[in-house]
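Within every chain, numbering begins at 1; the chains are lettered A, B, ... in the order of the sequence lines, protein sequences first and strands thereafter.
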Number of protein chains: 2
Amino acid sequence: MTERARRPTLADVAARAGVSVALVSIVIRDAPGASAASRQRVLQAADELGYRPDTRARLLRSSRSRLLGVVFGVHHAFHGDLVTGLYTAADRAGYELALSAVTPQRDEGRAVASLMQDRCEALVLLGPHASTARLAELADRLPVVVVARAARHRALDVVRTADGMGLHQAVDHLVALGHRRITHVDGGRAPGAAERRRGYRDAMRRHGLDAEIRLLPGGLTEQDGAAAARALLDLEPRPTAVTVFNDRCALGVLDVLQRAGLAVPGDISVVGYDDSRLARLSHVKLTTIAQDTEQITTLAVTRAVDRLDGTPVTEREMVVAPRLVVRATTAPCTADRRGAGS
Amino acid sequence: MTERARRPTLADVAARAGVSVALVSIVIRDAPGASAASRQRVLQAADELGYRPDTRARLLRSSRSRLLGVVFGVHHAFHGDLVTGLYTAADRAGYELALSAVTPQRDEGRAVASLMQDRCEALVLLGPHASTARLAELADRLPVVVVARAARHRALDVVRTADGMGLHQAVDHLVALGHRRITHVDGGRAPGAAERRRGYRDAMRRHGLDAEIRLLPGGLTEQDGAAAARALLDLEPRPTAVTVFNDRCALGVLDVLQRAGLAVPGDISVVGYDDSRLARLSHVKLTTIAQDTEQITTLAVTRAVDRLDGTPVTEREMVVAPRLVVRATTAPCTADRRGAGS
DNA sequence: TTGAAAGCGCTAACAC
DNA sequence: GTGTTAGCGCTTTCAA
């Protein structure tokens, strides 16, 4: 292998610019305390040498690492969205991200440990599996922000979507379109399912539709949706709209409905949850509830930074409003007007 | 915020164990040169203090960082598989991984730059977008292993799947099932697309099916697949089988096909590429071409380490054979027997 | 405005 | 076997 040149150091730049390393450090960090003239000289020298500061040495010396550790599931599509947002949020806040993946062969514990070793100042955990107690223990050592999962503990900051509100939005949207017989296909014991179920019920009641509340057991997958849809077809009278636990499940619902000869949204409207890529497919165009990843990630980083800065914060849990994304699977109700049905 | 205790250092452990820092260093690194007795004492002290070595200080001091930089696409499911394998391969080789994600807002250049700053010894780039020339330039500074993409340059190591062979396997499988009208939905300018396209053409010719060669523009996403499937539905006569650039794209194809009332594999067979988790879903059961991620990642790490160690290597390109995984989207061709339907 | 010098936590020579 | 010492590349007092 060819010999590679040693990377230039501050000292190299200093030598070339004819100044001290301390001065170079000031210039490179863009800190106050250097004349325009030296700034110029140093910058030019650095440029000519192709100088790049050594993050590790810098971190070692300064008490602050300005590093945010992020644990994410390597196969979790939604985590990809979150990581994307975290990068920009961290950037804005002047922090760097250290990524640590959870894989089938690398558990959360290892992922966290490696981040700790890297001297991250705070941890942002995406949908962590660890128990709240375990997480709280971690938070004893450094600020921990739990994202996209509930965790009630005075030591933990939590940022998550208001799933209940998501279902309120779905129901409100359908009611505004004139629907009354709105069924919910739930997510069983999946995380978030309980809150979405509750949100559906509450919203129905709020609209005085207590008598129309119908819950169908569903799940996370297309298959669960397909099964639920078959059950739905037997409902008498048939609902004119259905809210589904998530997009995948909604796809199964759509599939069975359409095969049964029902037009969507002509005969029946469908609302999903997640705004996953599936929902956006041009031939699916699923009306759905989108989680606000940008806000979630911004809040997560802001909160981590606040903890680090000692900024006093009141609520430990930050619940972000989801957003209704209207596409092509919802339309005004064409069934009999009120009074005729139920 | 509560005051957090300073993390214990080597010196703290040394003090507690009543030995020198050097000795502690030896014990912690599990290096030779310490008596069993001191080993025991030091380990116990470290344990009591909850000591964790500081990666950065360690890297700063030793000339070697034993850090492998990995650039991956945050939304690329297959990259998730590769990262998984890289972690274990690196672990085996005694290296750590530094992950740097490419997101819609963070390009490859930034991803690479941050890794360089972290003093990674070598770079493993998953399906990089940069030109070969640009990659070669990078390789001028440190060993670069390009994964899952072709790049012919004497300075670049490449580990990739024999994508051409993959399409041979797909076509052979379909031909063996009696199919002749086999169309290929390609990946456009995506890495690997050209070779898969070529593999498809070659395989068709090898079977004397020159006249049946049909290429449909596709891409990497479900969207692309959906669009291609719509084009495919207009083909006259309609193909009885289709090979698709990747699994995601194949999913879009499947969906449109099924919504159009075609049975898969009854009316048309579909073969994907990647054997991603999508393909394995129980309601999808996509026949696909599996890339040997374990071998790919092992080779990538091995090669990076060889470069670092100065081990002489002969070929710069390592091509791994893919494997056909037959699931439920391919079946014998029924075109002859078909009377009614669709 | 600039420079000298003292470390950050660790490893690697080299003594003892 | 064990301790002493000199840095890795950088930031940060503190003087000049």
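- Applying the side-chain contact (heavy atoms from CB on, under 4.5 Å) criterion to B:D292, with sequence neighbours excluded, gives B:E294, B:Q295, B:V320.
- A donor-acceptor contact closer than 3.5 angstrom links the side chains of B:D274 and B:Q291.
- For B:T88, there are no side chain to side chain donor-acceptor pair (under 3.5 Å) partners at least two apart in sequence or on another chain.
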Step by step, would you call B:R152 with B:E317 a salt bridge (charged side-chain N to carboxylate O under 4.0 Å, His left out)? CA-CA 8 Å; B:R152 288 195 91 75; B:E317 189 172 43; 3.3 Å; yes
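- Residues B:V158 and B:V145 form no side-chain contact, since every pair of their non-hydrogen atoms from C-beta on lies 4.5 Å or further apart.
- Scanning DNA chain C 5' to 3' for nucleotides with an atom closer than 4.0 angstrom to a non-hydrogen atom of chain B gives a first and last hit of C:dG9 to C:dA12.
- With B:R56 contributing its side chain and A:A57 its backbone, the two residues share no donor-acceptor pair below 3.5 Å.
- Sequence neighbours left out, the pairs with a member in residues 102-114 of chain B that pass salt bridge (Lys or Arg N to Asp or Glu O under 4.0 Å) are A:D91-B:R110.
- Taking the salt bridge (Lys or Arg N to Asp or Glu O under 4.0 Å) definition, one finds that A:R119 meets it with B:D54, sequence neighbours left out.
- With sequence neighbours excluded, no residue satisfies salt bridge (Lys or Arg N to Asp or Glu O under 4.0 Å) with A:R29.
- Along DNA chain D, the nucleotide closest to B:R39 and the one closest to B:R119 are compared, and the more 5′ of them pairs with B:R39.
- Among residues two or more places apart in sequence or in another chain, the salt bridge (Lys or Arg N to Asp or Glu O under 4.0 Å) test is passed with B:R16 by B:E48.
- Partners of B:R154 by salt bridge (Lys or Arg N to Asp or Glu O under 4.0 Å), not counting sequence neighbours: none found.
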Mind listing the side-chain donor-acceptor pairs of residues 125-132 of chain A below 3.5 Å, one per line with the distance, residues two or more places apart or on another chain?
unit_1	atom_1	unit_2	atom_2	d
A:S131	OG	A:R134	N	3.0
A:T132	OG1	A:R149	NH2	3.3

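- Mapping heavy-atom proximity under 4.0 Å, the span of DNA chain D touched by chain B runs 5' to 3' from D:dG1 to D:dG9.
- Each end of the helix from C:dT1-D:dA16 to C:dC16-D:dG1 gets its own axis from five base pairs, and the two axes differ in direction by 40°, given to 10 degrees.
- Annotation: proximity of residues 13-35 of chain B to DNA chain D (heavy atom, distance under 4.0 Å) is found for B:V19, B:S20, B:A22, B:L23, B:G33, B:A34, B:S35, numbered in ascending order.
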